[in-house]
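Inspection log for the structure reproduced underneath, given as structure tokens.
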Amino acid sequence: MTLRLTTQIGEWINRNKHIHFTFEGETYSAFEGDTISSALWAAGQKVLGRSFKYHRPRGVLSFANHDVNVLMTDGMDTNIRADVVAVKDGMVLTAVNTKGGVKHDKNRVIDAISPLLPVGFYYKAFHTPRRLFPFWENIIRKSAGLGVVNVNYPRILKRKLHAHCDVLVIGAGAAGLSAAYHAAKAGLQVTLVDENRQAGGSLTFDLGGDAKPQQVLDDLLRKVTTQPNITLMTGSYAAGYYPDHLIPIVSDTGITKIRAKTVIVASGAFEQPPVFRYNDLPGVMLGSAAQRLIYRYGVKPFNKGVVVTANDYGYRVAIDLLDADTEVIAVVDMRKGSNASPDLITLAKRGVKIYAGYCVYEALATSDKSAVRGVVVCPYDDQKNVALTHDSVTLACDGIAMSAGWAAAAALLYQAGTAMKFSYEVQQFVPNTLPMGMFAAGKVNGIFELSQRLHDGVRAASEALRYLGLEAAEVAAAKHMGSTPSHPYPMVPHYKAKNFVDFDEDIQIKDFVNAAKEGFDNIELMKRFTTVGMGPSQGKHSNMNAIRILAKIRDLPVEKVGSTTSRPFFHPTPIGHLAGRSMHAHRLTPLHDWHQQHGAVFTDIGAWKRAAYYPAPGQHKDEAIQAEAMAVRTSAGMIDSSSFGKIELHGPDAAEFLERFFIGVYANQKVGSCRHVMLLDEAGVIIDDGVASRLADDLFYLSIGTTNAAAVYREMQRYQQMWQLNLGLVNVTGAFGAVTVAGPAAREILSTLTDLDLTYEAFPISRVRTSVVAGVPARVIRVAFVSELSYELHVPMLQVPHVWQALLAAGEKHGIRPFGSDTQRLLRLEMGHMMPGVDTDGLTNPLEIGVDTHKYMQKAYFIGQRSLAILAKRPLRKQLVAFMLAEHFQGELPLECNLVVDGRDILGRVTSIAYSQTINRIIGFAYVTPAQTAIGSVFNIRTDSGTLVEATVVTTPFFKSTSQQATGA
Amino acid sequence: MKLLTCPMNGSRPLSEFVFGGEYRESPNPDTCTDKEWAAYVHNRSGAPGNKKEWWYHAPSGTWFIAERNTLSDKVARTYLLTDANAQQAKPAQEYGQ
Amino acid sequence: MQASDQDVVFQMHEQPAIAVTSPVALAQLSSEAQWDVVNGMRMAVAFADHGIEQARKQIAGVVDISCLSRFGVKGPQAARWLAERGVAIPASINSWTLCHQSSVVLRLGSSEFLIEDPLSGNVCQTLTQHSQREVGVYFVPRADAAFALCGSAVMNVLSELCPLDLREAVMPPHVVIMTQIAGISATVWRQQVNGEAVFRVVCDGTYGPDMWAMLVEIATELGGGAVGLACCHSALQA
Amino acid sequence: MPLRLLKYALSKNHPAPRFFKEHLVPKKSYDVVIIGGGGHGLAAAYYLAKDHGITNVAVLEKGYIGGGNTGRNTTIVRSNYLTPEGVNFYDASVKIYEGLSEELDLNLFYSTRGHFTLAHTESAMRTMRWRAEVNKHVGVESRVVGPDEIAKACPQLDLSCSGHAPILGALYHAPGSVARHDGVAWGYARGADGYGAEIFQSTEVLGIDVKNGKVCGVRTNKGYIETKQVLSAVAGFTPRITEMVELDTPIVIHPLQACVTEPMKPWLDTILVSGSLHVYVSQSSRGELVMGSSLDPYEVHSTRSTLDFVEGLTSHMLDMFPFLSNVKVVRQWAGMADMTPDFAPIMGKTPIEGFYLDAGWGTWGFKATPISGKTMAYTIANDRAPDLIHSFRLSRFDEYELTGEKGAASVGH
């Protein structure tokens, strides 16, 4: 049995293109342009899904993505919105959340026992006895949820673009089209978006047997499409509103993040279902859904039906049904007495019986509850909200179209902070105070009549123009005339319930009543307790009715009940769209490919990728590190230190700046010498440390750790803003690279590449020299961080590979080898140097790592000084010490962050620990209580497995090079 | 994304900025009590209202002051600390979002 | 000590004697590019045959022009110092101008300047050779990754990577924008090179490989892609 | 189908009576006034009555109960903190939570899932070990696990995180759980109401009267209330209340955002947190993925949503679970968090006699609900804070005695 109609004017399907697909194992044919639902409906398949909770059969309701009656999976993708997703050839579809298929879903038994599952039932059971809850939870989790996620679904790239416009018009219906055109005519850049595949909104389906809407549409479309400064985006929805008019527009292909100067919201209204028993049967649908089926897809909603209405709109629906060869046996008008609908006579002429002041008391289901077999109508007292069932009439039919009213599609207006008010003229929330630069037009603004909607678009456009400071005539706001489009309370009680308000969550009128009786009589509490509006359609078809019900329960006017907060997204939005392209920017030194080619294992430090160590094939990390370290101790090693933070301080006040910024003393620092710098915060906590080399009276060259370099430089800039000293800060981190050559052979190797006098006398520790190395200008810094004899060569970044290669060649006969940042950690440990961030944490102050602060406290000021003075008066809680494990220690090696314990007391923790092959001992740093800091005192470290290991406090450095190495004498 | 106007670079999305916390005058470290200093270091005026704040425009390395209402999240004006006494905030440059 | 230091400071900014490799090269090693040394920098000069690259240029071409000489200086006296050496100073902050009809002078904020020579230019070299340090004039050594983006879809590439409105209608012709491209701090301006509009993007060289990869990835999706310097050599001659 | 459900469905007083009575106008005076009808305030009211027999109590809620951060968090409960004082405190909370459904006779869906804090860097691994060792020391089940054990618990997780941030290991915390956050507030409300405490919704505090350093009354939009003891339990709004009594604190407000997907059949059984990727995620009993990230980077007293948040979070989610490309985010929201300099709460007495603080809850408030209620009740009843919360006292900042939680700052929630 097919419900496909003959060709309709302006239909969205291409009847020359046939498509075949399967649903629940059966093959169906469709036309190109059909949605999955329209194709199935045309084929007479009406059970398209099962409901979330009771697994009731469901079909087309809004047919506009305002409900999730119909969710499908194609095996790959899930929760496919079949009402709006175009059917593709070869699709293999099934409904989600069924047990044994949509037709004979075994879970339908839940519907039968639904009285046992009242609202919030899960709060009231399953928790005693406690031990059984996991069992029940498992059942509940499995029965909840919609589709099954395919964990093999590929990661899809969706592009996210930025765009800008003067006016963003949301909704390409009558009001939106008219607004866009008038704004564009005035010369503005306009972007017009609509979630439907074609523009036009209700002009494409709300005809009521009248040709005018289509003429209006053709005219507007012609104007809009010929206007060069209008960008029309169809199949694209505005997903949410974000501050300063940022609105993401979502389409199949990705997201366009539009930053608009002004926004005109013409998003229309959602038709709301009247509530009566079995209003969820397949075949019971909204009037607008029936019209969409007819005019967009040439599909008959049903063969013989009843229209239940509470406004004039339902009469238009009835006419459209008649024009679609559908037998309309009755229009049931919930409004008392006669009404002014111009279509009344037409319908009567065409043999449609009008039941004025009647309601649909219930829809009658076929035996398998999968379709409508009839409807019971009876007089309705809409004051008392009772159905007078003694005069009920039963009419046989296979479908019901419902038109009881609307709710503003005001999500974005709410999100933007619009104050809404309830208008009794239209029985709808409408904008009262709009935020700057935002305007509303059309149904969302409470304007329903077509010519008024067109006019309202013009008004909104001219207001937008004036907001942007352009000339535009004042246009009077339209005012709704005639009968209200929405019924104040289209909800018919029924002692047997199953009268659904929220179709996503299977929520009935009684659920609200019960929730209120249990104290959840605040709209937000009611939402949370009943879960109304919390399903995937986010209350599009249910929030307004929920508000009306609560208002009635509490005997309050609707506006006093208020509404729940609107949040993004307007439609659920795919994670892949929101994520967009994966962008992970790293900083790489010019030696990165060399490191790669030599098997380096990389580690992320800040934004940088650094070589951590270079394992030979099959070599274990520790072996590699030990081997690299041994090279430094016995001959020479070299490391790419290009990621160090490097900052130049130029100017007369350079030393003064350092004096204030860091803990140390620099005023009297000799040109050509290096001093340690340590940065504290105002609380006296250690932030970072490094080395300041004085290149001239008015030039310091600062090198600091990779991790915090950016942050430290930022702070330097901030304090310079405050201090306004006479100097310039130049961040040369990216301009200069550094290579460190270290080890007993370092001097000899370097001497082959430079004329610089490297003798101890000429170039002792903690000195800086500027020279030329391997033909490259270099700043040579001699610091004893990893070895007493080591040289940091700071050279222009792009010259680093040249210098590196030169050192490799020069060092070849000494067996020089590269070492990585992990090896550097071991080397500096052997040298007894602590590392901020490793041996300190977010609260460590200099006193706790044994810095002698006295000489610094004499300074006029430095950051953190005042707090240090306070801390100095307080007893130390912990202190960092160097320790060794017993000689030839065997057994479980303690690890960094194992605790130093004494029975139940935590005394501290290990911050660094490693085996030093050089001295054949296990060495490290640990925090202990001040009582245990004396050299030779012993403390216990507890390993992962819980065994206690004795450690002895020792002096540093752990490794003392022969004086020969240091002096080179 | 919210927009913020850097006095040097004009109006930019917030992602280009780093929040530097409230702009605060420290008590005189030489004369204030320990308690006063501890309060300066740790306490903040957390109540909603108009605040002077540090903001940093990362791409250009510009620190500046923003007068922002922490309730409405609206920025009244932004200026360089050195222009703090300027009656009017520096206008944004000709190019800006 | 001081003297030698003065020397080195200027040397640090001098065009290196030894050929360096483009900071972007890391991201190009895998491609079958032709390599050459241009202006003392070893770099990929062609990625595909001329016809293909020409086609890419029409749609969305990404060119590595890191090899152009650059000179940076900042400080309260920087503008005066440059002017004294005959360098044209952009009138307003965050704008650029041409110097000797060829070199680009960018004003970054109010008191920092970046000068870029075309291949044939020598402004940077001259400035470098006379860069004695003085108070209020602070030299900013550069190791930038520099790109030229051209083609009809260039806005499409940039609109994914940058939230700003870079449309010609909105962006004044001589404005310099310090913003983020793909989350990386970068300096952006639009320039007419031999009558064709190209977008210029300059960022820290250590970010160069990732910036290149991202630009080329998107350009390629749109039908464009990597274009070698050889393909627009003329364009970069003054 | 449990019997009680049948009984409930068929029982005469179906539906059940109100969870809590509706009071419109407060009495002239109360022994204790609790500002804030969230989980913490209601729990405090409950334990004041249950543990200390103090029932002449008013709970004042500006909006509706549980409408603040109680109803906005991502419902994770755990105790794997860094400092012994922190671990002990949250462990006590977990212990109460485990029996709370029974105690309140309300199913809070307290679901113990196991909690993995993923480490992508060596330094993160160090922090994990640090936390594990401290946890073990005070008897909380936490340990450092390797990638294979993570894979066993969550086979869907891409351990390489799409190659961007390979997972080196994790801190596994067996007691990690999720619960129905609203239910916690409702259950405590019903409990407190049952003991006689009075709950006032839509009741806003306009001022607090202090005379010679002592609290004497509270001004509200429903009239004046005399009282000598006031508890502020309004995390997210604390500075507005402390301003009323001119009390300086380090607290600043930062929004904390979260989002939730469409329901899907269960596949994620554990709770996953990644500090470096700023992601925490679990699957609710309804089947939604509940996801959160780190705090917004600047101070603002607003629950507005931002696009950056959801863009960043989703891209990191895809790094971890590439197959989620087409799973849809339904809703995003935000709460306002009291942030303190040392990432620990501020609890107990204040320099103002009779004014007690339950604040500074940052991103950890929900998991502490029962124990904070219990300890604040004790503090009010005895005008003395129990040892369990000594290290959270306000005066620690004057004394430079900050707690050590900051050491683990990289891993929140």
Side-chain angles (χ1 to χ4, degrees), chain A residues 77 79 115-116 118 121-128 130 137 140-142 144-153 155-156 242-243 246 248 514 517-519 522 524-525 528 536 538 567-569 572-576 578-579 582 584 604 841-843 870-871 874 895-899 906 909, chain D residues 1-2 4-6 8-9 15-16 18-20 64 67 71 84 101-102 106-107 111 121 126 129-130 133 137 156 162 164 182-183 201 262-267 285-287 304-307 310-311 314-315 317-318 322-333 400 402 404 406-407 409:
Chain A
D77 198 358
N79 294 354
L116 296 178
F121 71 91
Y122 36 82
Y123 288 113
K124 300 178 169 103
F126 311 113
H127 56 291
T128 53
R130 190 196 302 184
E137 187 201 13
I140 292 163
R141 282 187 72 194
K142 285 207 173 78
L146 292 166
V148 176
V149 173
N150 177 352
V151 298
N152 300 317
Y153 195 81
R155 180 173 185 159
I156 307 171
Y242 298 93
L246 178 69
N514 293 346
K517 284 189 183 150
E518 294 190 39
N522 162 299
E524 289 283 359
L525 285 176
R528 283 162 170 71
Q538 292 284 290
R567 297 279 184 194
F569 293 102
T573 301
I575 284 175
L578 292 165
S582 160
H584 299 263
D604 290 0
D841 61 48
L843 286 176
I870 296 169
L871 288 162
R874 312 186 54 80
L895 298 168
E896 293 178 354
C897 287
N898 277 146
L899 300 180
I906 298 177
R909 73 178 199 282
Chain D
M1 188 58 49
R4 54 186 296 126
L5 200 54
L6 190 60
Y8 168 78
R18 286 186 72 94
F19 267 53
F20 53 95
Y64 56 97
S101 292
E102 283 175 309
L106 190 74
N107 191 345
S111 172
T121 64
R126 287 162 48 90
R129 170 161 288 100
W130 188 1
E133 289 302 301
H137 187 84
Q156 303 86 352
S162 305
H164 298 310
D182 298 328
Q201 300 190 94
E262 283 184 340
M264 65 202 89
K265 292 298 177 192
W267 61 269
S285 48
R286 277 171 55 87
R304 72 5 177 190
S305 296
T306 71
L307 188 57
V310 73
E311 289 181 287
T314 50
S315 89
M317 277 297 288
L318 278 192
F323 58 89
L324 292 178
S325 283
N326 250 20
V327 167
K328 302 182 188 75
V329 178
V330 170
R331 185 169 68 255
Q332 66 175 126
W333 69 91
Y400 278 73
L402 276 60
K406 201 175 181 181

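Chain A is the first sequence line, chain B the second, and so forth, proteins listed ahead of strands; every chain is numbered from 1.
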Could you look at [X] and say if it's the side chain, the backbone, both or neither that has a heavy atom under 4.5 Å from chain D?
{"X": "A/N522", "answer": "side chain"}
{"X": "A/Q538", "answer": "side chain"}
{"X": "A/I870", "answer": "side chain"}
{"X": "A/L871", "answer": "side chain"}
{"X": "A/R130", "answer": "both"}
{"X": "A/N150", "answer": "backbone"}
{"X": "A/R528", "answer": "both"}

Practice problem: Without swapping roles, check the side chain of D/K265 against the backbone of A/A144 for a donor-acceptor pair under 3.5 Å. | Solution: yes
Self-check item: Between A/V149, A/N152, A/I140, the one whose heavy-atom pairs under 4.5 Å with chain D are most numerous
Solution: A/V149
Quiz prompt | Minimal non-hydrogen separation, D/S315 against A/R155, with atom names | solution = O-NH2, 4.0 Å
Quiz prompt | Nearest non-hydrogen partners of A/P536 and D/E262, listed with the distance | solution = CB-OE2, 3.9 Å
Quiz prompt | Partner set under side chain to side chain donor-acceptor pair (under 3.5 Å) for D/N107, not counting sequence neighbours | solution = none
Between [atom1] of [X] and [atom2] of [Y], what distance do you get to the nearest 0.5 Å?
{"X": "A/L895", "Y": "D/W130", "atom1": "CG", "atom2": "CH2", "value": "15.5 Å"}
{"X": "A/N898", "Y": "D/R126", "atom1": "CG", "atom2": "CZ", "value": "11.0 Å"}
{"X": "A/L146", "Y": "D/R286", "atom1": "CG", "atom2": "CZ", "value": "8.5 Å"}
{"X": "A/K142", "Y": "D/S285", "atom1": "NZ", "atom2": "OG", "value": "14.0 Å"}
{"X": "A/I156", "Y": "D/N326", "atom1": "CD1", "atom2": "CG", "value": "4.5 Å"}
{"X": "A/I575", "Y": "D/L324", "atom1": "CD1", "atom2": "CG", "value": "4.5 Å"}

Practice problem: Check each atom of D/P84 against the heavy atoms of chain A and say whether the ones under 4.5 Å are side chain, backbone, both or neither. | Solution: side chain
Quiz prompt | Contacting region of D/D182 [heavy-atom separation from chain A under 4.5 Å] | solution = side chain
Quiz item: Checking side chain to side chain contact (heavy atoms under 4.5 Å, CB included) for the pair A/C897/D/E133: CA distance, chi angles, key distance, verdict?
Solution: CA-CA 8 Å; A/C897 287; D/E133 289 302 301; 5.9 Å; no
Self-check item: Side chain proximity check, A/P568 to D/R331, heavy atoms < 4.5 angstrom
Solution: no
Practice problem: Check step by step if side-chain hydrogen bond (donor to acceptor under 3.5 Å, both in side chains) holds for A/T128 and D/E102. | Solution: CA-CA 6 Å; A/T128 53; D/E102 283 175 309; over 6 Å; no
Quiz prompt | Full working for side chain to side chain contact (heavy atoms under 4.5 Å, CB included) between A/V148 and D/M264 | solution = CA-CA 6 Å; A/V148 176; D/M264 65 202 89; over 6 Å; no
Exercise. Show your working on side chain to side chain contact (heavy atoms under 4.5 Å, CB included) between A/R567 and D/Q332 and close with a plain yes or no.
Key: CA-CA 6 Å; A/R567 297 279 184 194; D/Q332 66 175 126; 5.5 Å; no
Exercise. Taking ring-ring contact (aromatic ring centres under 6.0 Å, His included) as the test, write out the residues that go with D/Y64, two or more places apart.
Key: none
